[in-house]
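So the structure is just underneath, and the comments pick up after that.
The model shown is predicted, which means the values in this text are computed figures rather than measured ones.
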Amino acid sequence: MHDGFGVQFRDDHIHVELGKDFKADPDRREEFWAMIGDLCKRHNSQRVLVEGYLPPGDHDTADVIDAGQKTAVVPRLWLAFALSGFKPTDQTELFEVIAAAKGVRVKFFSDARKALEWLRRNAPH
């Protein structure tokens with residue numbers, strides 16, 4: 001794991017693991033999405049499963065908007081989050097809306113199996 005997260009290609013999707021110590025700050029966001037974008041391009045994949053823990057703390061609206069916009073690094077991306085103990089918040093809903101405005105489909109789950117099923121059922125190969 002690299003600075004609280006790991007990224008790898010698994011069969012038919014990019015798998016991202018977020019550790020408990022992952023910090024979702026704007027400076028690291030560029031590196032995070034560059035790694036995901038590179039793997040998606042190399043493996044011709046638009047499916048990304050993010051599994052682990054929701055980064056702690058409250059993030060201001062501008063930060064959530066920026067995070068949602070960064071998802072567009074991969075055109076027509078399908079992004080499933082499987083987060084331990086996930087409960088929807090205004091911030092996760094805003095993230096989904098901002099990403100959708102950029103052409104990215106995002107859905108949050110608390111179960112990784114359901115998240116991967118959603119990706120496989122909906123996202124192109």
Residues forming a side-chain contact (heavy atoms from CB on, under 4.5 Å) with [X], sequence neighbours excluded:
X: Glu96; value: Val106, Phe108
X: Thr89; value: Gln91, Thr92
X: Lys107; value: Phe109, Trp118
X: Ala82; value: Leu49, Glu51, Ala112, Ala115

Could you list the residues that satisfy side chain to side chain donor-acceptor pair (under 3.5 Å) with Asp63, not counting sequence neighbours?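 Checked Asp63 against side chain to side chain donor-acceptor pair (under 3.5 Å); matches are Arg29, His59.
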Name all residues meeting the salt bridge (charged side-chain N to carboxylate O under 4.0 Å, His left out) criterion together with Arg121; count only those two or more places apart in sequence or in a different chain, and write none if there are none.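 Salt bridge (charged side-chain N to carboxylate O under 4.0 Å, His left out) list for Arg121, sorted by chain: empty.
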Taking atom [atom1] of [X] and atom [atom2] of [Y], what is their separation to the nearest 0.5 Å?
X: Phe5; Y: Ile36; atom1: CZ; atom2: CD1; result: 7.5 Å
X: His15; Y: Arg10; atom1: NE2; atom2: CZ; result: 4.0 Å
X: Gln46; Y: Lys41; atom1: CD; atom2: NZ; result: 13.0 Å
X: Leu119; Y: Lys114; atom1: CG; atom2: NZ; result: 15.0 Å

Evaluate side-chain contact (heavy atoms from CB on, under 4.5 Å) for Val73 paired with Phe32, printing each intermediate quantity in order. CA-CA 11 Å; Val73 73; Phe32 180 80; over 6 Å; no
After noting the C-alpha distance and the side-chain angles of Glu17 and Gln8, does the key distance pass the side-chain contact (heavy atoms from CB on, under 4.5 Å) rule? CA-CA 9 Å; Glu17 183 179 347; Gln8 63 180 288; 5.8 Å; no
As a quick check of understanding, evaluate side-chain contact (heavy atoms from CB on, under 4.5 Å) for Leu79 and Val50, giving each step before the final call. CA-CA 7 Å; Leu79 180 60; Val50 179; 3.7 Å; yes
Any idea which heavy atoms bring [X] and [Y] closest together, and the distance?
X: Leu77; Y: Thr71; value: CD2-O, 3.5 Å
X: Ile14; Y: Cys40; value: CG1-SG, 3.6 Å
X: Ser45; Y: Phe9; value: CB-CE1, 4.3 Å

Salt bridge (charged side-chain N to carboxylate O under 4.0 Å, His left out) contacts in which one or both residues fall within residues 67-94, not counting sequence neighbours: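 Qualifying pairs, neighbours excluded: Glu30-Lys70, Asp66-Lys70.
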What about Leu116 and Phe86, same hydrophobic cluster or not, with Ile/Leu/Val/Met/Phe/Trp/Tyr joined at side-chain heavy-atom distances under 4.5 Å?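 Leu116 does not cluster with Phe86.
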Within the 4.5 Å heavy-atom criterion, are Trp78 and Val104 side-chain neighbours or not?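 Side chain of Trp78 against side chain of Val104, heavy atoms only: no contact under 4.5 Å found.
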Check the pair Asn122, Arg105 against side-chain contact (heavy atoms from CB on, under 4.5 Å), reporting the backbone distance first and the verdict last. CA-CA 10 Å; Asn122 295 293; Arg105 290 160 187 90; over 6 Å; no
Can the ring centroids of Phe81 and Tyr53 be said to lie less than 6.0 angstrom from one another?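 Ring centres of Tyr53 and Phe81 not closer than 6.0 Å.
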